[in-house]
Amino acid sequence: MSESSHRLEPGHTPTDSTGAGTTPNEPVAPPPLPTINQIPVSAPRDWLRRGWEDMVATRFRGVFYGVAFVLMGYAIIWVYANKWQLTMGLIGSFFLMGPLVCIGIYDLSRQRERGESVSLIKSMMCWRRSIASTAFFTIILTGAMLVWARVSLVLFALSSSTSFPTLKGVLGMVFSFENIQFLIIWAAVGFVFASFVFAVGLITMPMILDRDTDVFQAVFTSIRSLLSNPKPLYLWAAIVVVSIGASLILGLLPLLITAPLIGHATWHAYRDLVAS
């Protein structure tokens with residue numbers, strides 16, 4: 001065959017081996033977003049039950065991550081003992097960074113679900129499977145934490161009628177009738193901010209871990225999950241806040257159990273919400 005036979009006539013479109021025409025540099029359509037399942041209002045109770053079953057079946061390996069939460073709490077108390085302005089922001093960071101810290105707990109549930117030998121070491125290294133997406137989501141959560149800490153500081157300065165020189169007794173001083181204006185404003189702003197963060201982080205990390213998807217697809221799927229199931233998921237948010245909040249107030253040690261339990265249960269929330 002002569003060389004000229006390989007030359008394309010003007011206006012000719014290259015074809016592949018099947019004869020189908022292709023266009024150079026044609027943009028590739030993004031993969032479709034997964035289907036979101038409708039779940040009953042009672043779903044959070046089932047997630048907690050299955051989460052506890054995971055804790056028992058994995059021989060409480062998730063408690064290791066509970067220890068991490070407790071140590072983080074004590075470190076915050078020690079470092080910021082005289083920085084009352086950061087108290088509310090730092091308490092909020094527990095809730096904001098929770099999905100990231102819990103990635104190892106998600107992997108423990110995933111290992112059990114797949115019938116694999118449960119390994120704590122393997123769960124500690126699971127982030128390496130999707131390091132780029134995990135790092136990007138870490139930046140998003142860190143930015144959210146810093147913004148909330150700054151907003152809390154501004155609200156303290158503008159609304160609180162009491163000066164808080166130390167962390168000791170700060171909650172008792174804040175939650176008083178003298179600071180009712182601060183509580184109302186802080187709760188209202190916090191609800192809006194927390195709703196956004198909750199929507200963004202609800203199932204993002206479990207989905208990244210399980211499907212190695214990009215951050216944006218995981219975040220959009222998480223938001224769609226909340227929009228499609230507001231009642232059960234706001235109930236779930238209340239359970240998380242009450243459980244972790246009570247653990248903080250009771251001296252942090254209850255986090256040894258509550259933190260991994262919430263982590264295991266969140267894995268089952270992801271499984272129920274996102275169609276396979």
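- Looking only at side-chain heavy atoms (C-beta outward), Val200 and Phe137 come within less than 4.5 Å of each other.
- Every salt bridge (Lys or Arg N to Asp or Glu O under 4.0 Å) that Glu53 has, sequence neighbours left out, goes to Arg49.
- Following chains of ILVMFWY side-chain contacts shorter than 4.5 Å, one cannot reach Leu250 starting from Phe69, and the two form parts of different hydrophobic clusters.
- Remark: side-chain polar atoms of Asp54 are not paired, donor with acceptor, to backbone N or O of Ser109 under 3.5 angstrom.
- Hydrophobic clustering (ILVMFWY, side-chain heavy atoms < 4.5 Å, transitive): Ile239 and Phe191 are in one cluster.
- Atom CG of Leu226 sits about 5.5 Å away from atom CG of Leu233, to the nearest 0.5 Å.
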Q.
Leu256 vs Phe64, test: side chain to side chain contact (heavy atoms under 4.5 Å, CB included). Steps then yes/no.
A. CA-CA 8 Å; Leu256 292 173; Phe64 170 82; over 6 Å; no
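- Contact annotation: the side chain of Leu209 never approaches that of Ser130 to less than 4.5 Å [non-hydrogen atoms, C-beta and beyond].
- Listed by chain and residue number, Arg110, Arg271 satisfy the salt bridge (Lys or Arg N to Asp or Glu O under 4.0 Å) test with Asp210 (two or more places apart in sequence, or in another chain).
- A heavy-atom distance below 4.5 Å is found between the side chains of Tyr65 and Met124.
- Checked by atom type and distance alone, the side chain of Gln111 pairs as donor or acceptor with a backbone atom of Ser119 at under 3.5 Å.
- Linking ILVMFWY side-chain heavy atoms closer than 4.5 Å, directly or via other members, places Leu71 and Leu252 in a single hydrophobic cluster.
- Inter-residue side-chain proximity for Ile105 and Ile262 is flagged as unmet; no heavy-atom pair is nearer than 4.5 Å.
- When the salt bridge (Lys or Arg N to Asp or Glu O under 4.0 Å) test is applied to Arg128, no partner is found at least two apart in sequence or on another chain.
- The two atoms that bring Ile257 and Val63 nearest to each other are CD1-CG2, 4.3 Å, heavy atoms only.
- When all heavy atoms are compared, the tightest approach of Val274 to Asn37 is C-ND2, 3.9 Å.
- Atom CD1 of Ile36 sits about 6.0 Å away from atom OG of Ser228, to the nearest 0.5 Å.
- Transitive grouping of hydrophobic side chains (ILVMFWY, heavy atoms separated by less than 4.5 Å) keeps Ile139 and Val215 in distinct clusters.
- Panel note: side chain Arg224, backbone Pro34; a donor-acceptor pair is recorded below 3.5 Å.
- Once rounded to the nearest 0.5 Å, the distance linking OG of Ser225 with CG of Leu273 reads 4.5 Å.
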(Q) Is there a side chain to side chain contact (heavy atoms under 4.5 Å, CB included) between Trp127 and Thr138? Walk through the geometry before answering. (A) CA-CA 11 Å; Trp127 55 270; Thr138 300; over 6 Å; no
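- Here the straight-line distance linking atom OG of Ser133 with atom CE of Met205 works out to 8.5 Å at 0.5 Å rounding.
- Taken to the nearest 0.5 Å, the CD1 atom of Ile244 stands 12.0 Å off from the CD1 atom of Ile249.
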Q: Check the pair Ser222 / Tyr270 against side-chain hydrogen bond (donor to acceptor under 3.5 Å, both in side chains), numbers first and verdict last.
A: CA-CA 9 Å; Ser222 184; Tyr270 155 70; over 6 Å; no
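- Listed by first and then second residue, the side-chain hydrogen bond (donor to acceptor under 3.5 Å, both in side chains) pairs involving residues 236-251 are Ser247-Thr258 (not counting sequence neighbours).
- At least one donor-acceptor pair closer than 3.5 Å links the side chain of Asp214 to the backbone N or O of Gln217.
- For the pair His268/Asp46, no side-chain contact is recorded, criterion being any heavy-atom separation below 4.5 Å from C-beta on.
- In this structure, Arg45 places its CZ atom where only 12 or fewer heavy-atom neighbours from other residues, nucleotides or ligands lie under 6.0 Å away.
- For the pair Pro44 and Pro232, the minimum side-chain heavy-atom distance is below 4.5 Å.
- Under the 4.5 Å side-chain criterion, counting only non-hydrogen atoms from C-beta, Trp267 is in contact with Glu113.
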Q: Determine, step by step, whether Cys126 and Ile103 satisfy the side chain to side chain contact (heavy atoms under 4.5 Å, CB included) criterion, reporting the C-alpha distance in whole Å, the side-chain angles of both residues, the deciding distance to 0.1 Å, and the verdict.
A: CA-CA 8 Å; Cys126 67; Ile103 187 173; 3.8 Å; yes
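- Applying the salt bridge (Lys or Arg N to Asp or Glu O under 4.0 Å) rule to Arg61 yields no partners; only residues at least two apart in sequence or on another chain are considered.
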(Q) For a side chain to side chain contact (heavy atoms under 4.5 Å, CB included) check, start with the C-alpha distance between Leu261 and Trp52, then their side-chain angles and the critical distance, and finish with the verdict. (A) CA-CA 6 Å; Leu261 176 60; Trp52 179 254; 4.1 Å; yes
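- Here Ile131 contributes atom CD1 and Asp212 contributes atom CG; the two are 11.5 Å apart, rounded to the nearest 0.5 Å.
- Crowding of Arg59 atom CZ: a count of heavy atoms from other residues, nucleotides or ligands under 6.0 Å not exceeding 12.
- Pairing each heavy atom of Gly263 with each of Cys102, the nearest pair is CA-SG, 4.2 Å.
- Within the structure, every pair that satisfies the ring-ring contact (aromatic ring centres under 6.0 Å, His included) test and touches residues 194-226, not counting sequence neighbours, is listed here: Phe136-Phe216.
- One hydrophobic cluster, built from ILVMFWY side chains closer than 4.5 Å, holds both Val56 and Leu48.
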